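The structure presented is a predicted model; accordingly, all values stated were derived computationally and were not measured. Proteins come first, then strands; the chains are lettered A, B, ... in the order of their sequence lines, and each starts at number 1.
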2 protein chains.
Amino acid sequence: MVERDSVRSKGQQDETRDPRTLLALLWGEQEQPTRGPKPKLTPRRIAAAAAELADREGLDAVSMSKVAGGFGVSAMALYRYVPGKTELVELMVEEVMGEGPEMPESGEDGHWRAAVRAWTRQCADVYAAHPWLLTATALRRRVLGPRQLRWLDAALAALEPTGLDGAQRHRVFLLLIGLVRNVAQQQADHEEEQSAEWDRLAADLLARHAERFPALTKAMADGAFRADGVDPLEFGLDRILDGVEAVIGGRE
Amino acid sequence: MVERDSVRSKGQQDETRDPRTLLALLWGEQEQPTRGPKPKLTPRRIAAAAAELADREGLDAVSMSKVAGGFGVSAMALYRYVPGKTELVELMVEEVMGEGPEMPESGEDGHWRAAVRAWTRQCADVYAAHPWLLTATALRRRVLGPRQLRWLDAALAALEPTGLDGAQRHRVFLLLIGLVRNVAQQQADHEEEQSAEWDRLAADLLARHAERFPALTKAMADGAFRADGVDPLEFGLDRILDGVEAVIGGRE
DNA sequence: AGGCGGCGGTTTACGGTATATACAGTTGGT
DNA sequence: ACCAACTGTATATACCGTAAACCGCCGCCT
């Protein structure tokens, strides 16, 4: 389906690497060779190891040599399985997405809120478990691997009972992952080391410039950044669901 | 306020660089020296040049030597003004955020929807003008520069007439930037080169695996990804505003 | 059975990155 | 006038991704 030794980038970045090799990789549509020594690795195993590394030490720590070192092979060995690092990251994302969300029995109408809730929570869990997903999926074209499509499919399915048309369902999906990713980012910020130090510095700074940011100081005095037990994910989700409900109600 | 020659990272990454130097930089609280030659540059000018470079060639193209080359100085010269690259990126973000949004006369209640709309649109414009903002602000703790705080302040101010408490206003703000960033990402994806090529490949792939993604195929047949003239930003914004309205209505 | 060619892994090398360190030239305060 | 502070440079280190050439293994074909 795709030739194995395809090299066409000139030595710089991506420039123009054939998307088809990446797709073949993601979908496992590689024709495996017959002759030659048995490969020690697979793209899957490499991606899994790299993802684990990223979980432990962050995405920046994922380098070809470190990943290869984990297998006891040289860095260049990986290039027999993966066209380059960008493709490896893509595989890492796909790897970490798992088998897709477990959705409740949809069946009845009116339960679409619960279904969407379940989807969103599980998606948020994935992002929480792998904070590097945020940067790995920032920019660049994605949502092409089978597992990512599975998530998309599940979300669209959960929205079918709403009666929204396809375009609207898609836009609600965008709203949902936007929420998930944003909350994940917020939490990643806060779970960082020295978070308390930063908070202290920020509070001090704000106090010194209170008059420049009246609404912010007022909101802070009103408890804006105090933890009040309300999950921002749940709050946002409720807002979105209410918004969707408003469309449905207004149209029928 | 902050000593100028502070170096404590061992040669690796960030590790532990003093946050106070960054804050002093962002807020212009550097005490400027008296003796010695007049500096040719300023952090601001460097950040502006770097941002322009990023606008033209992308964030990856921003390297110390390229930025320095634009001024005709050596790469190391920049380190007299900026502690390191991460701080430079932070400055770039701050630079690009401009003077903050121009908000309409709030005055009357009930116009908060218009105010929030104006805020969101302008924020989206910034992201659209500088796509690298997405990756530059992915992960890492932010929202500490005066300009970013200005945006936050404006959003919170716009939400004051809603009667929501501080924590809720903050959560709505999170919802809004989540929307903006997500839409920006979506648009960046689509305006990429070879976008058509990718779409073709994706459509082909989906057709071959239609049975695995029933909801997705159904949604596509229903026009999910056809451009239908509805701005996804407006759609999401309406959903969020409706959601907020539901909270207000339900509580009073 | 033999060998050839596809393939896995290594080594080497190149150009790029951030940035530590040591230095030279310039300037203002004393 | 001199010294100390400051700016910019040159040099060096340690990484990074990856191109290219190479060697040894192995299954298919003759």
Side-chain angles (χ1 to χ4, degrees), chain A residues 2-17 21 30-43 45-46 50 53-54 57-90, chain B residues 2-17 21 30-43 45-46 50 53-54 57-90:
Chain A
V2 169
E3 69 277 12
R4 294 183 61 85
D5 269 345
S6 60
V7 173
R8 62 220 69 177
S9 82
K10 289 169 295 302
Q12 187 73 341
Q13 274 286 91
D14 271 331
E15 291 294 343
T16 29
R17 193 130 56 186
T21 65
Q30 303 270 33
E31 52 188 23
Q32 58 250 32
T34 56
R35 314 167 266 280
K38 290 289 152 73
K40 288 189 200 166
L41 306 173
T42 66
R45 294 218 314 150
I46 295 173
L53 212 180
E57 309 183 32
L59 189 60
D60 290 348
V62 175
S63 74
M64 290 308 213
S65 44
K66 288 216 197 83
V67 174
F71 289 110
V73 299
S74 80
M76 293 310 293
L78 301 188
Y79 286 88
R80 294 285 168 192
Y81 302 91
V82 164
K85 188 177 180 183
T86 59
E87 287 81 358
L88 172 57
V89 172
E90 222 85 25
Chain B
V2 169
E3 69 278 9
R4 295 183 61 84
D5 269 347
S6 62
V7 172
R8 65 221 65 181
S9 82
K10 287 170 297 301
Q12 188 70 344
Q13 274 286 91
D14 272 331
E15 292 294 342
T16 31
R17 192 130 60 186
T21 65
Q30 303 269 34
E31 52 188 22
Q32 59 250 30
T34 56
R35 310 172 266 284
K38 291 290 153 73
K40 288 187 198 167
L41 306 173
T42 65
R45 293 218 313 149
I46 294 173
L53 212 180
E57 308 182 30
L59 190 59
D60 290 348
V62 175
S63 73
M64 291 306 211
S65 46
K66 287 216 198 83
V67 174
F71 289 110
V73 299
S74 80
M76 292 311 293
L78 301 188
Y79 287 88
R80 294 287 169 194
Y81 303 92
V82 164
K85 188 176 180 182
T86 60
E87 288 82 356
L88 172 57
V89 173
E90 222 85 26

Measure the distance from [atom1] on [X] to [atom2] on [N] and round it to the nearest whole Å.
{"X": "B/Lys85", "N": "D/dA14", "atom1": "NZ", "atom2": "P", "value": "21 Å"}
{"X": "B/Gln30", "N": "D/dA5", "atom1": "CD", "atom2": "C1'", "value": "16 Å"}
{"X": "A/Arg80", "N": "D/dC25", "atom1": "CZ", "atom2": "P", "value": "16 Å"}
{"X": "B/Leu53", "N": "C/dT17", "atom1": "CG", "atom2": "P", "value": "11 Å"}
{"X": "B/Gln32", "N": "D/dT7", "atom1": "CD", "atom2": "C1'", "value": "15 Å"}
{"X": "A/Tyr79", "N": "C/dT12", "atom1": "OH", "atom2": "P", "value": "18 Å"}
{"X": "A/Leu88", "N": "D/dC16", "atom1": "CG", "atom2": "P", "value": "14 Å"}

On DNA chain D, does the nearest nucleotide to B/Gly36 precede the nearest nucleotide to B/Lys40 from the 5' side, or the other way round? Give the residue. B/Gly36
Side-chain (B/Lys66) to main-chain (B/Leu53) donor-acceptor, under 3.5 angstrom: no
Residue [X], side-chain atoms from C-beta onward, closest of [options]:
{"X": "B/Ser65", "options": "D/dT18, C/dT27, C/dT17", "value": "C/dT17"}
{"X": "B/Ala77", "options": "C/dT19, D/dC6, D/dT9", "value": "D/dT9"}
{"X": "B/Met76", "options": "C/dG9, D/dG17, C/dA20", "value": "C/dA20"}

Distance check: side-chain N/O of [X] vs OP1/OP2 of [N], anything under 4.0 Å?
{"X": "A/Lys66", "N": "D/dC15", "value": "no"}
{"X": "B/Thr34", "N": "C/dG28", "value": "no"}
{"X": "A/Ser74", "N": "C/dG9", "value": "no"}
{"X": "B/Tyr81", "N": "D/dG8", "value": "yes"}

Within a strict 4.5 Å, meaning less than it, do heavy atoms of the B/Phe71 and B/Leu41 side chains meet? yes
A/Tyr79 and A/Met64, any side-chain heavy atoms less than 4.5 Å apart: yes
Measure across A/Lys40 and A/Arg45 and return the closest heavy-atom pair with its distance rounded to 0.1 Å. O-NH2, 3.4 Å
Considering non-hydrogen atoms only, spot the tightest contact between A/Ala75 and A/Ser65 and give its length. CB-CA, 3.8 Å
Of B/Met64 and A/Val73, the one whose nearest nucleotide on DNA chain C sits closer to the 5' end is A/Val73
So which one's nearest nucleotide on DNA chain C is more toward 5', B/Lys38 or B/Gly84? B/Gly84
Between the base of C/dG5 and the side chain of A/Arg35, is one N or O donor paired with an acceptor at under 3.5 angstrom? no
